[in-house]
Every structure is written in structure tokens, then in C-alpha cells.
Amino acid sequence: MLFVQAGDGYPYYARPRFPGGQPTVADVVKVRERQRELGVPEAFEWVHETTPGLLDVAVEAGLEVLQAPLLVLDPEKLPEPHPHVRVLGTRPVEVSVVAELAFSSPGTAAGEAGVAERDAALRGAVPMSTRHRHAVADLPGEGVLAVGTAQRAGDVVEIAGIGTLPAARRRGLGGAVTAELARDALERGAELVFLSAGSLEIARVYERVGFRRFGTACIASPPA
Ligand SMILES: CC(C)(COP(=O)(O)OP(=O)(O)OC[C@H]1O[C@@H](n2cnc3c(N)ncnc32)[C@H](O)[C@@H]1OP(=O)(O)O)[C@@H](O)C(=O)NCCC(=O)NCCS
């Protein structure tokens, strides 16, 4: 299935039907042709456990596949609230700035970019409207060091965009932001809270605050 965006907005990936049959290399090639015709990215996403045959087929068709751990919240395993993390229905301007600096330093290691780089980037930043919930870890005397977002569809909430300034990593802030978004989602009636982690080491951050692995999200695209 290929979703086509009407108007502006983030272009969607293609995904297998569920429940579906056994996709073939020819199916993947045909979808990629159509994506090129439409001028949308040759991107595919699916859950490995529901369409296990697609992984080998996608690789054979020339795609690179990121296998991202999928995790679901065990509500009773949430840690105590963090005193300096708050969740908002608005999108503070720090959310995009801190996320951009965080995602520019992938992985979980600490790094150089910190408060000075954030403040320099904030000078040109403009606030954006939002339909989502956003969390910030806003430390006294330091400001916003970690951020995250929760998006809801019905009674399911996905947490995404968790990022900590490289210089502020390994202080528990990424985990705390995730936990507060999850708690907020439950308080607002969510039945299921899930997320996908970019790697096994990132998944550990989420496992420490009450999430457990239940599957693998496959994210496929042509080699860079
Ligand atoms: C992933 C990310 C958000 C984690 O943020 P973080 O604030 O460093 O997360 P935490 O501090 O909660 O946990 C990180 C590590 O610090 C450790 N830690 C937590 N509190 C600590 C403390 N007080 N003292 C020392 N270490 C601590 C954790 O145990 C964890 O260790 P591990 O890597 O061995 O499992 C951050 O590395 C990041 O922004 N990465 C780039 C963007 C990204 O990939 N985001 C996730 C997309 S799925």
C-alpha cells in the first residue's frame, strides 16, 4: 500500500497490507517505480512480526533496512515523576532546537554541543503550532536540556523525537522525558503507549523507565 499525501506535508512511506500475503521482489520494485513517478521517497515501513518475509525481499530489491526495536509501556513500571520535567500542549521553541542538536549527535554518548549552542540556535528560532504533547526537561540555571513528543491516534499514543543535548547526556533526562510523556498519555486516557528505538543501546534508555520490547519496526530506503 502506498499512501499519497494530498497537499503539503510529510510524504508517507509504503507498507504491506495487513493481513497480507507474501510480498515478492517484483512487488517492491513496482512500488519503487511508482514512488519515483510520484516524486516521493522510496521508503517502506512495516512490523517484522506481521510480515516476516518482507525483510529478505526488501534487501534483495536493493533497499537498506533499519531494524528498530518496538517497545510498549508497562504502566506499573513507570518511575517516580522527575521534578524538572513538564508536559505541555503547546510547543516551546526549545523543542525543535534541542531535538535538532540532539539528532545531529546520534547514539547515546555524551558530546560537545550544549547550552551555548542551544542558545545560539534559539536566537533565530520561531515557535510552531502543534497538535501533539511535548515534554521538556527544564533544569534550574540550565534551561531546557532534553525534549520529546507524543502523538495520539484514538487511544494509542506514540512517543517520538526524544533528544538530549549531547553535553547533558547520561543524567537520566532522556529517560525522564519519555516517562513523563507516557504518564501524561495514561492520564489522558491512552490504552497503549509505544515507541520505536533507533538501536538496541537507545532501547535500553526506554527499558529503564518501564517499556518492554515487543517487536521490530523495519524502516527501508535506498542506500544513501
Ligand atoms: C537517546 C538519548 C535521548 C538518551 O538521552 P539521555 O538523557 O542521555 O538518557 P539517560 O540519561 O536517561 O540514559 C542514558 C544512559 O545514561 C545512564 N544514566 C542515567 N542516569 C544517569 C546518572 N545519573 N548518572 C550516570 N549515568 C546515568 C543510563 O543508565 C543510560 O546508560 P546506558 O547507555 O548504559 O544504558 C540521547 O542519547 C540522544 O539524544 N541521542 C540522539 C538522538 C536519538 O537517537 N534519540 C532517540 C531516537 S529513538
Side-chain angles (χ1 to χ4, degrees), residues 1-5 9-20 22-36 38-73 96 98-111 132 146-151 153 156-164 166 169 174-175 177-178 181-182 192-209 211-224:
M1 254 154 50
L2 175 57
F3 301 99
V4 179
Q5 181 87 32
Y10 190 76
Y12 285 112
Y13 46 79
R15 52 158 292 172
R17 259 180 226 288
F18 176 75
Q22 168 59 51
T24 64
V25 173
D27 294 333
V28 175
V29 169
K30 197 166 157 195
V31 173
R32 290 183 66 182
E33 278 167 14
R34 182 71 181 133
Q35 287 170 321
R36 283 196 295 272
L38 292 167
V40 297
E42 292 171 59
F44 295 71
E45 293 195 16
W46 68 97
V47 174
H48 179 64
E49 287 71 15
T50 59
T51 318
L54 185 49
L55 178 55
D56 288 346
V57 161
V59 171
E60 210 178 314
L63 297 173
E64 277 180 0
V65 185
L66 168 70
Q67 295 181 56
L70 270 176
L71 297 105
V72 66
L73 178 70
S96 335
V98 170
E100 196 172 331
L101 284 165
F103 281 87
S104 305
S105 280
T108 62
H132 306 311
V147 298
T149 293
Q151 41 204 36
V156 176
V157 168
E158 178 176 16
I159 293 178
I162 303 292
T164 303
R169 288 186 187 164
V177 159
T178 310
L181 284 168
L192 180 84
V193 183
F194 81 100
L195 50 75
S196 61
S199 67
L200 289 173
E201 58 168 359
I202 294 171
R204 279 208 307 269
V205 174
Y206 305 131
E207 282 164 348
R208 205 168 293 106
V209 295
F211 285 77
R212 71 179 154 76
R213 177 99 187 245
F214 76 96
T216 302
C218 291
I219 302 165
S221 53

*Asks:* State whether the side chain of Gln67 and the backbone N or O of Ala217 hold a donor-acceptor pair below 3.5 Å, judged by distance alone.
*Replies:* no

*Asks:* Can you give me the closest heavy-atom contact between Pro166 and Ala102, atom names plus distance?
*Replies:*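 Shortest heavy-atom contact: CD-CA, 4.4 Å.
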
*Asks:* Can you name the nearest heavy-atom pair linking Pro16 to Leu54, along with the distance?
*Replies:*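 Reported closest heavy-atom pair: CG-CD2, 3.7 Å.
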
*Asks:* Using a strict threshold of under 4.0 Å (side-chain N to carboxylate O), is an ion pair present between Glu45 and Arg15?
*Replies:*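 Result for this pair is no, no salt bridge flagged.
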
*Asks:* Which residue pairs pass the side-chain hydrogen bond (donor to acceptor under 3.5 Å, both in side chains) test with at least one member in residues 193-205, sequence neighbours excluded?
*Replies:* Thr108-Glu201

*Asks:* Please check this pair: side chain of Arg169 against backbone of Thr164, looking for a donor-acceptor N/O pair closer than 3.5 Å.
*Replies:*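 Yes; judged by distance alone, with no hydrogens or angles, the pair exists.
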
*Asks:* For Ala61, does its backbone N or O pair with a side-chain atom of Arg32 as donor and acceptor, under 3.5 Å?
*Replies:* yes

*Asks:* Which distance, rounded to the nearest 0.5 Å, do you find between the SG of Cys218 and the CG of Leu66?
*Replies:* 8.5 Å

*Asks:* For Gly174 and Ile162, which heavy atoms make the closest approach, and how far apart are they?
*Replies:* O-CG2, 3.8 Å

*Asks:* So do the side chains of Thr51 and Gln22 get within less than 4.5 Å of each other, counting heavy atoms only?
*Replies:* no

*Asks:* Exactly one of Thr178, Ile159, Leu181 should register a side chain to side chain contact (heavy atoms under 4.5 Å, CB included) with Val193. Which one does?
*Replies:* Ile159

*Asks:* For Tyr206 and Ile202, run side chain to side chain contact (heavy atoms under 4.5 Å, CB included): C-alpha distance rounded to whole Å, both residues' side-chain angles, the deciding distance at 0.1 Å, then the answer.
*Replies:* CA-CA 7 Å; Tyr206 305 131; Ile202 294 171; 3.6 Å; yes

*Asks:* Do Glu42 and Arg36 meet the salt-bridge criterion of a basic N to acidic O distance under 4.0 Å?
*Replies:*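 Salt bridge flag = yes for Glu42 with Arg36.
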
*Asks:* Do Val28 and Glu33 have side chains that approach each other closer than 4.5 Å (heavy atoms only, starting at C-beta)?
*Replies:*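 No, every pair of side-chain atoms sits at 4.5 Å or beyond.
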
*Asks:* Are Val72 and Phe211 close enough that some pair of their side-chain heavy atoms sits under 4.5 Å apart?
*Replies:* no

*Asks:* Please report the closest heavy-atom contact between Val98 and Gly163, naming both atoms and the distance.
*Replies:* CG1-O, 4.0 Å

*Asks:* Check whether any side-chain heavy atom of Val157 sits under 4.5 Å from a side-chain heavy atom of Gln151, and report yes or no.
*Replies:* no

*Asks:* Mind checking side-chain contact (heavy atoms from CB on, under 4.5 Å) for Val156 and listing every partner two or more places apart, or none if nothing turns up?
*Replies:*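 Once residues adjacent in sequence are excluded, the partners of Val156 under the side-chain contact (heavy atoms from CB on, under 4.5 Å) criterion are Leu192, Phe194.
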
*Asks:* Could you go step by step and tell me if Val29 and Val25 meet the side chain to side chain contact (heavy atoms under 4.5 Å, CB included) rule?
*Replies:* CA-CA 6 Å; Val29 169; Val25 173; 4.2 Å; yes

*Asks:* How far does CZ of Phe44 sit from CD1 of Ile219, to the nearest 0.5 angstrom?
*Replies:*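 It comes to 14.0 Å.
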
*Asks:* Please report the C-alpha distance between Leu73 and Leu195 in whole Å, then the side-chain angles of each, then the deciding distance to 0.1 Å, and finally whether the side chain to side chain contact (heavy atoms under 4.5 Å, CB included) criterion is met.
*Replies:* CA-CA 9 Å; Leu73 178 70; Leu195 50 75; over 6 Å; no

*Asks:* Work out which heavy atom in Ala58 is nearest to a heavy atom in Val65; give both atom names and the distance.
*Replies:* CB-CG2, 4.1 Å

*Asks:* Output the distance between atom CD (Glu158) and atom OG1 (Thr149), rounded to the nearest 0.5 Å.
*Replies:* 10.5 Å

*Asks:* Among all residues two or more places apart in sequence or in another chain, which pass the side-chain contact (heavy atoms from CB on, under 4.5 Å) test with Glu49?
*Replies:*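 Testing Glu49 for side-chain contact (heavy atoms from CB on, under 4.5 Å), a comparison that skips the adjacent residues, returns Val47, Thr216.
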
*Asks:* Quick one, Leu71 with Glu207, criterion side chain to side chain contact (heavy atoms under 4.5 Å, CB included). Give me CA distance, side-chain angles, the key distance, then yes/no.
*Replies:* CA-CA 8 Å; Leu71 297 105; Glu207 282 164 348; 3.6 Å; yes

